[in-house]
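Given the structure is predicted, the values throughout are model-derived calculations rather than measurements. Below, chain A is the first sequence line, B the second, and so on; all start at residue 1.
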Protein chains: 2
Amino acid sequence: MRHFINHTEENYLKAIFSLSQTSNQGVSTNAIAKSLNTKASSVTDMMKKLAEKGLVSYKKYYGVQLTDSGQLIALNTIRKHRLWEVFLVDKLSFNWDEVHDIAEQLEHIQSSELTNRLDIFLGNPKFDPHGDPIPNSHGEIENYHDTLLLSEIETGTFCTLVGVADSSSVFLKHLEKSQLKLGSEIRLINVFEYDRSLSIEVANIQRSISNRVADNLIVKPL
Amino acid sequence: MRHFINHTEENYLKAIFSLSQTSNQGVSTNAIAKSLNTKASSVTDMMKKLAEKGLVSYKKYYGVQLTDSGQLIALNTIRKHRLWEVFLVDKLSFNWDEVHDIAEQLEHIQSSELTNRLDIFLGNPKFDPHGDPIPNSHGEIENYHDTLLLSEIETGTFCTLVGVADSSSVFLKHLEKSQLKLGSEIRLINVFEYDRSLSIEVANIQRSISNRVADNLIVKPL
DNA sequence: TATATTTTTTAGATTAGCCTAAAAATTTAT
DNA sequence: ATAAATTTTTAGGCTAATCTAAAAAATATA
């Protein structure tokens, strides 16, 4: 007997999943509140509810962790989100910076039949338009290995841009102005000590990017 | 300055629109309640809200009518519903009896850009998989003319099945068992007085259908 | 270790959408 | 035209998800 999961709960589970990726500690109430633009007291209420449904394990004052079934739901929501993003870009010709908000709505459509048929229709894509891996229907996610942030690689290294850590429209539009897109080959020329800004070469042209940008570029050294 | 319209309100507006198609009177509270599986008192509450937003004109005890802006929203919701149904059948290979519930969810996605791009992607279809006309982005709907219910035509007439008045899965599955689908050519052979059941010929085969079925088949005489 | 700060939880309200039961208005029937 | 039946509205509650403000617990600091 499965509980019915709604829109709001899916958003909480997704947020907890994302936050638990960085550290392997329990996720704090405040962190969830910040990520969902809500208040800590609302989060506490919801954690109690999700704990009762067996989707998170929650110990007062010590944060939460997803249970296996909670994680499965989170991954399924992420799967739907990313598949819809592929649909919007590949089939409806949206730009990669325009799809996030629409996918936030589409990810809550309930029908596994729909999701699986969409997956097939799109040709079982492995990555979304921002380079994020798409979980399969069992919640298995192909983590990209050997990737780093551009800010972490050594001077002189050649690498390929395989993903972005920030999918916001402003950031993506900014990238386009620097001729950066998924697949771009980048060579790190230099990092300036003063402000940690970087000098890179893309398509034979030398450019300068801020450390803030470099922190959001996921690259694979060649 | 446009009010934000949510899921629930869209459903009410759509129901009022459908109900006001049959008669040109105001739509009654009870009729709306029945159509949405809710209670009359809930409908009254919502009518006050929609009236305040200028989407219906409501006079206590005398039912409601959509205003122009209310009708535009209803038609836009119907547009989205029917476009998604086309998507599900044409692109994802769903059967026509499987798409209603999924489209009920998809119709509430908010993005006119999405709707219009979907329309283009689908090749600007004029009818959905059940033969219902799809409104354009201005809420203009191409009513099919010269159509009747199969129960209304004269014995001996040849006609084409162009639509169904009931899109429920049970009904559509039932039709398939009688080899009836959109575009089928039908000749009305006889109507039995006893139970108003009909004898028809489809694809050179003679079949018998109930008056209940005939009341739900929209046909165009040849 | 005691105190100050921060984080989290609790308590009590609010809003949207729904409900039941009772009251009011309208419609139908005698 | 009056009574009966039906429809609609009002009144008062409920739940989910949110909020603010206060209390409690944990963590950091002196």
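- At the phosphate of C:dG17, OP1 or OP2 sits under 4.0 Å from a side-chain N or O atom of B:Asn6.
- Geometric assessment of B:Lys91 against the ring of B:Phe121 yields a positive cation-pi assignment under the 6.0 Å and 45° thresholds.
- Within the nucleic acid shown, B:Thr44 comes within 4.0 Å of at least one base atom, counting heavy atoms only.
- Between the CD1 atom of A:Ile5 and the P atom of D:dA16 there is a distance of 14 Å, given to the nearest Å.
- Counting to the nearest Å, the C1' atom of C:dA16 and the NZ atom of B:Lys48 are 15 Å from each other.
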Identify each atom pair where a protein N or O and an N or O of nucleotides 19-23 of chain C are less than 3.5 Å apart, giving names and distance.
residue : atom : partner : partner atom : Å
C:dC19  : OP2  : B:Thr38 : OG1          : 2.7
C:dC19  : OP2  : B:Lys39 : N            : 3.0
C:dC19  : OP2  : B:Ser42 : OG           : 2.7
C:dT20  : O4   : B:Ser41 : OG           : 2.9

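- By the 6.0 Å contact criterion, CD on B:Glu142 is open, its count of non-hydrogen atoms from other residues, nucleotides or ligands being 12 or less.
- Judged by distance alone, the side chain of A:Arg117 and the main-chain N or O of B:Leu92 form a donor-acceptor pair under 3.5 Å.
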Which pairs of donor and acceptor atoms, one on a side chain in residues 56-79 of chain A, lie under 3.5 Å apart (sequence neighbours left out)?
residue : atom : partner  : partner atom : Å
A:Thr67 : OG1  : A:Gly54  : O            : 2.8
A:Thr67 : OG1  : A:Leu55  : O            : 3.1
A:Thr67 : OG1  : A:Ser69  : OG           : 3.4
A:Thr67 : OG1  : A:Gly70  : N            : 3.1
A:Ser69 : OG   : A:Gly54  : O            : 3.3
A:Thr77 : OG1  : A:Ile73  : O            : 2.8
A:Arg79 : NH1  : A:Asp119 : OD2          : 3.2
A:Arg79 : NH1  : A:Pro135 : O            : 3.1
A:Arg79 : NH2  : A:Asn116 : OD1          : 2.8
A:Arg79 : NH2  : A:Asp119 : OD2          : 3.2

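- By the neighbour-count criterion of 12 heavy atoms within 6.0 Å, atom CD of B:Glu154 is sparsely surrounded, having that number or fewer from other residues, nucleotides or ligands.
- A donor-acceptor pair under 3.5 Å is formed between the side chain of A:Gln110 and the backbone N or O of A:Ile5.
- Proximity of A:Tyr12 to the phosphate of D:dA16: no side-chain N or O atom is located under 4.0 Å from OP1 or OP2.
- Going from atom NZ of B:Lys53 over to atom C1' of C:dA16 covers 11 Å, rounded to whole Å.
- When the P atom of C:dT26 is taken as reference, atom NZ of B:Lys60 falls 10 Å away, rounded to whole Å.
- Residue-environment remark: CD (B:Glu193) stays at or below the threshold of 12 foreign heavy atoms within 6.0 Å.
- Put simply, the side chain of B:His100 never gets that close to the backbone of B:Ser168: no donor and acceptor are under 3.5 Å apart.
- Between A:Met46 atom CE and C:dT8 atom C1' the separation is 17 Å, expressed in whole Å.
- In this structure, CG of A:Asn30 is placed 4 Å from P of C:dT8, rounded to the nearest angstrom.
- The OH atom of A:Tyr62 sits 11 Å away from the P atom of C:dT9 (whole-angstrom rounding).
- The distance from the CG atom of A:Leu150 to the CG atom of A:Leu217 is 5.5 Å, given to the nearest 0.5 Å.
- The NZ atom of B:Lys59 sits 20 Å away from the P atom of C:dA24 (whole-angstrom rounding).
- Overall bending of the helix from C:dT1-D:dA30 to C:dT30-D:dA1, expressed as the angle between end axes built from five pairs apiece, is 0° (10° steps).
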